[in-house]
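None of the values given here were measured: they were computed from a predicted structure. By convention in this document, chain letters (A, B, ...) are assigned in the order of the sequence lines, proteins followed by strands, and residues within each chain are numbered from 1.
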Amino acid sequence: MAAVIQLQRQFIDYTTSLYKEGYLDDQFTQLQKLQDESNPDFVVEVVSLFFEDSEKLLNNLATALQQKTVDYKQVDSHVHQFKGSSSSIGAQRVTNVCVHFRNFCEEKNLDGCLRCLQQAKHEYILVRNKLEALFRLEQQILQAGGSIPMME
Amino acid sequence: MECYQEDVPHVLAVDDNLIDRKLVEKLLKSSSCRVTTAENGMRALEYLGLRETHQQSNFSGNGSKVNMIITDYCMPGMSGYELLQKIKESSILKEVPVIIMSSENIPTRINECLEMGAEMFMLKPLKLSDVKKLRHQLTNVEGDKR
């Protein structure tokens, strides 16, 4: 029993820190609210889609920015996608980088774009690691026979 | 709450972003809607049976079975606005409420859509409270139907 309580405590503290540090915003809570008995893995499913999609987008962005003549419309289109999907799952810091990224696309500023790409990759990897850690904690709680605390 | 199959509203959700499609689908299903998704305007029109530019006398689409259409504004190829236009130009589908979603809060864009006959404009990302509003909209439409 003590193990479960400790894990639940860890979960609450970790989740709170993720919101406090801006990795996640309210949209993530919305996803959790949508999860129910008919769709118990909804959050993991959507977040997994986000991971797959993001990795593709980051590769596409790298390729697009390596072209001799950069097509900024194409770059912007990828960033727009990335901004949208990160915003939909609540990955706030990724979304924020995308906002700056789009501005550099409009200015056709290659240097700015390349820096933003690095930042976007960095923030993406951070949030991915944190979400994976969060999901692992959830699994540990469930395996120990406990339930996932509801965060408000 | 009793729920007969015929009473469940059928919504067509159009969005080129996979994550957004999954999210809007879940949001609508959580509000007791039947959902069909389309990844772009062309597919949506195909589903609705409006693919051809001229009205077909033997209408073979699913348009008559759709109670509401919710579409993203920014899509490659046909935009949500263009899709809205085609729907409002159709004698068969012009009464179907169309909701436009966008991640960008641009007043001229919003007005343009409302003037073209969009029922509502919603900011992305969509939340549960947004879908509750939609649900009310659907109930009102149901009440006036036939």
Please report all inter-chain donor-acceptor pairs (under 3.5 Å) between chain B and chain A, with distances to 0.1 Å.
unit_1 : atom_1 : unit_2 : atom_2 : d
B/D16  : OD2    : A/Q81  : NE2    : 2.8
B/N17  : ND2    : A/Q81  : O      : 3.4
B/D20  : OD1    : A/S88  : OG     : 2.3
B/K22  : NZ     : A/E45  : OE1    : 3.1
B/K26  : NZ     : A/L34  : O      : 3.1
B/E104 : OE2    : A/R102 : NH1    : 3.2
B/L126 : O      : A/Q27  : NE2    : 3.2
B/K127 : NZ     : A/Q27  : OE1    : 3.1
B/L128 : N      : A/Q30  : OE1    : 2.9

Just do the side chain to side chain contact (heavy atoms under 4.5 Å, CB included) check on A/L58 and A/F82 with the steps written out, would you?
-> CA-CA 9 Å; A/L58 286 166; A/F82 203 14; 3.9 Å; yes

Say whether B/I106 and B/M75 are linked into one hydrophobic cluster, either directly or through other cluster members, by side-chain heavy-atom distances under 4.5 angstrom.
-> no

Show your reasoning for whether side chain to side chain contact (heavy atoms under 4.5 Å, CB included) applies to A/F104 and A/L110.
-> CA-CA 7 Å; A/F104 285 125; A/L110 182 59; over 6 Å; no

Residue pair B/L28 / B/L134, side-chain heavy-atom distance below 4.5 Å = yes

Test side-chain contact (heavy atoms from CB on, under 4.5 Å) applied to B/K94 - qualifying residues, sequence neighbours left out | none

Part of B/L126 within contact of chain A (heavy atom distance under 4.5 Å) = backbone

Cluster overlap A/V127 with B/L23, hydrophobic side-chain contacts below 4.5 Å | yes

